[in-house]
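Let me begin by presenting the structure, written as structure tokens, before commenting on it.
Sequence lines set the chain letters: A, B, ... in the order given, protein chains first and strands last, and positions in each chain run from 1. Because the structure is predicted, anything quoted here is derived from the model rather than measured.
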Number of protein chains: 2
Amino acid sequence: MKKSLNRTSLDFPRPLVSVDVVIFTVLEDALKVLLTRRPENEEEPFPGLWCIPGGFVDVDRDDSLQDCAARKLQEKTGYAAPYLEQLASWGSASRDPRGWSTTHGYFALVPPPAAKTGDERAEWCDADAACKKRLAFDHREIVGTALERLRSKVEYTSLPAFLLNEPFTLPELQHVYEVVLARPLDKSAFRRRMLDADFLQEVGTVPGAFGRGAMGYKVRERERAAIFPRTFRAVE
Amino acid sequence: MKKSLNRTSLDFPRPLVSVDVVIFTVLEDALKVLLTRRPENEEEPFPGLWCIPGGFVDVDRDDSLQDCAARKLQEKTGYAAPYLEQLASWGSASRDPRGWSTTHGYFALVPPPAAKTGDERAEWCDADAACKKRLAFDHREIVGTALERLRSKVEYTSLPAFLLNEPFTLPELQHVYEVVLARPLDKSAFRRRMLDADFLQEVGTVPGAFGRGAMGYKVRERERAAIFPRTFRAVE
DNA sequence: TAAATAGTGTCTTTCAGACAATATCTC
DNA sequence: GAGATATTGTCTGAAAGACACTATTTA
């Protein structure tokens, strides 16, 4: 009988299992992803190369994949509960030189960090640039998929609200949409859309540096994003 | 130093890794999913219970997760290249009594099989019923997620075309949409939408059993689904 | 010709885009 | 008040829903 059919005993080789997180923020009017460096140790694969935060699932420490992703996010950014969504998984014999391996990709949206990352081995990299960079493993593909998914969902959801500190104003929110989508949006249509979607809560006027102050908002339910009835600019 | 930080050696426990496939078809005017039975062997978890097709990744046989899913689909249905899409992954300490385990869920769309499945241990089950049944592992949740994803995508993509044998007619296609969405659609709007999306190729008239014959179609590109500019019924 | 099914035309509704007009704030 | 920014109003256009109408086939 073939080995693969007789697996009651569980004594067959298992793939490596890791979790990787693509962490997005908007900084200096640009969409950024957090990159870290692989250890310099020559026994490690891709020593010194840029990669996204992640690592092997720790069977003793992590109760679930989501926990593991949240832990890695917390370790790298300090954020406990921003937006964290499963992206996809990758697994093959060739993606890791150490053997058959799988990774569960997540993507996270966090508000702009107060300072540059204190960590020498971490850097906020322009998102589009990261997709062209040489990264460890198949991380370029993972970042590409995350960016594609983010841009696609931004067309019809309130996801960018998770990229801002609260309270934020509608012009600020519009600006984040424009940065992520890399195109200008109409002010009037934008406001109608956000307010009609009923996911924002007024939280008092915020004075502006110049000109008229704006209404401050926070999201009503921090757990899920709102879904709009249509995408932006359905037509070319 | 903590064990979890010293992993250059790779000698730490690894989770079990499996792939499970939710296979959909439309049969007898209902959306169905393929269920199989767990082995009766009492040493196996959930003996004799219904589950979806799947199993451990075979490191020696499968080059990638996608290959593994395609293999399982082929084994169960005989189909080589229908629509197969990654759904999500699940992984935790508790989902399998044998230990920390992960699964990569896929969902497949196949045309209606000619006959009842020949396999005694497999059955096409009504999709909504399957979501309420007791299934092995967390398979009920996986089926639920697949069903939700399918219904959601059917609102704005041409996915149901993969549930039909070619050539099919527009009334047949509309019927499949209606079965999946469980609500009637307007004929005129439906036709406009399908033809405007430009993913169908005329392939000659198909005579009907009664009444006027209809134009037969096949999908232009069997690889990807078309995406419509809006969802059906944007408004309640 | 009647019944059944396929396919078309047209009016209404919804909501995004364009863009002008108005409101409110700081200096 | 001037300049800057926020907010609103109105017109237009694209595509979906509703539904009546026409076309083609078989019995």
Side-chain angles (χ1 to χ4, degrees), chain A residues 29 152-158 160 164 167-178 181-217 226-236, chain B residues 29 152-158 160 164 167-178 181-217 226-236:
Chain A
D29 296 347
S152 144
K153 290 190 92 162
V154 166
E155 296 279 355
Y156 63 94
T157 69
S158 66
L164 286 169
F168 51 83
T169 68
L170 284 181
E172 283 167 357
L173 184 57
Q174 180 172 354
H175 182 248
V176 174
Y177 271 88
E178 291 174 335
L181 294 177
R183 69 171 194 262
L185 296 174
D186 180 79
K187 191 170 41 164
S188 172
F190 181 82
R191 299 177 64 89
R192 242 179 309 164
R193 196 181 172 129
M194 295 303 137
L195 295 175
D196 287 355
D198 198 46
F199 71 101
L200 293 174
Q201 191 164 11
E202 292 192 357
V203 80
T205 305
V206 176
F210 302 94
R212 177 175 174 179
M215 178 56 70
Y217 295 91
I227 297 179
F228 308 131
R230 298 192 199 166
T231 67
F232 282 107
R233 180 134 58 179
V235 173
E236 204 59 16
Chain B
D29 296 347
S152 146
K153 291 192 91 162
V154 165
E155 296 279 356
Y156 63 95
T157 69
S158 65
L164 286 168
F168 51 83
T169 68
L170 284 181
E172 282 167 358
L173 185 58
Q174 178 173 355
H175 182 248
V176 173
Y177 271 88
E178 292 175 335
L181 295 177
R183 70 172 193 261
L185 297 174
D186 179 78
K187 187 173 44 164
S188 173
F190 181 83
R191 298 178 63 90
R192 243 180 306 167
R193 194 181 174 129
M194 295 302 137
L195 296 175
D196 287 355
D198 198 46
F199 71 100
L200 294 174
Q201 191 164 13
E202 294 193 355
V203 78
T205 304
V206 177
F210 301 94
R212 177 174 173 179
M215 179 57 69
Y217 295 90
I227 297 179
F228 307 131
R230 300 194 199 163
T231 67
F232 282 107
R233 178 135 58 178
V235 172
E236 202 62 14

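A heavy-atom distance below 4.5 Å is found between the side chains of A:Phe168 and A:Leu200. Side-chain atoms of B:Tyr217 and B:Phe199, non-hydrogen and from C-beta on, never get closer than 4.5 Å to each other. Between B:Leu195 and B:Leu170 there is a side-chain heavy-atom pair separated by less than 4.5 Å.
Using five terminal pairs a side, the axes of the helix from C:dT1-D:dA27 to C:dC27-D:dG1 at its two ends make an angle of 10°, given in steps of 10 degrees.
Atom CG of A:Leu173 and atom P of D:dT7 are 12 Å apart (whole Å). Atom CZ in A:Phe190 sits about 14 Å away from atom P in D:dT8, given to the nearest Å. To the nearest angstrom, P of D:dA15 lies 14 Å from CG of B:Asp198. Here C:dG7 presents its C1' atom at 12 Å from CD of B:Glu202, a figure rounded to the nearest Å. Between the CE atom of B:Met194 and the C1' atom of D:dA15 there is a distance of 13 Å, rounded to whole Å. Taking atom CG of A:Leu185 as the reference point, atom P of C:dA16 lies 12 Å away to the nearest angstrom. With rounding to whole Å, A:Arg193 atom CZ is found 13 Å from C:dA18 atom P. Between B:Leu170 atom CG and C:dT8 atom C1' there is a gap of 13 Å when expressed in whole angstrom units.
The phosphate of D:dA4 (OP1 or OP2) has no side-chain N or O of A:Arg212 nearer than 4.0 angstrom. Between A:Arg192 and the phosphate of C:dA16, there is no side-chain N or O to OP1/OP2 separation shorter than 4.0 Å.
Aromatic ring orientation, B:Tyr177 versus B:Phe190: perpendicular (interplanar angle above 60°, classes split at 30° and 60°).
Contacts of B:Thr169 with the nucleic acid, taken as non-hydrogen atoms under 4.0 Å apart, are absent.
A residue-by-residue look at A:Gly211 and B:Pro171 shows that B:Pro171 has its nearest nucleotide of DNA chain C further toward the 5' end. For the pair A:Thr205 and B:Glu172, nearest-nucleotide mapping onto DNA chain C gives the more 5' position to B:Glu172.
Residues B:Arg191 and B:Pro171 come closest through the heavy atom pair NH1-CD, 4.4 Å.
Residues satisfying the side chain to side chain donor-acceptor pair (under 3.5 Å) criterion with B:Glu202, sequence neighbours excluded, are absent altogether. Taking A:Asp29 as the reference, nothing meets the salt bridge (Lys or Arg N to Asp or Glu O under 4.0 Å) condition, with sequence neighbours excluded.
Counting only heavy atoms from C-beta on, B:Asp186 has its side chain closest to D:dA18 among C:dA18, D:dA18, C:dA6. Here the side chain of B:Lys187 is nearest to one of C:dA6, D:dA6, D:dT10, namely C:dA6. Nearest nucleotide to the side chain of B:Ser188, out of D:dT7, C:dG17, D:dC19: D:dC19. When distances run from any side-chain atom of A:Arg191 to the nucleotides C:dT5, D:dT7, C:dT10, the shortest one goes to D:dT7.
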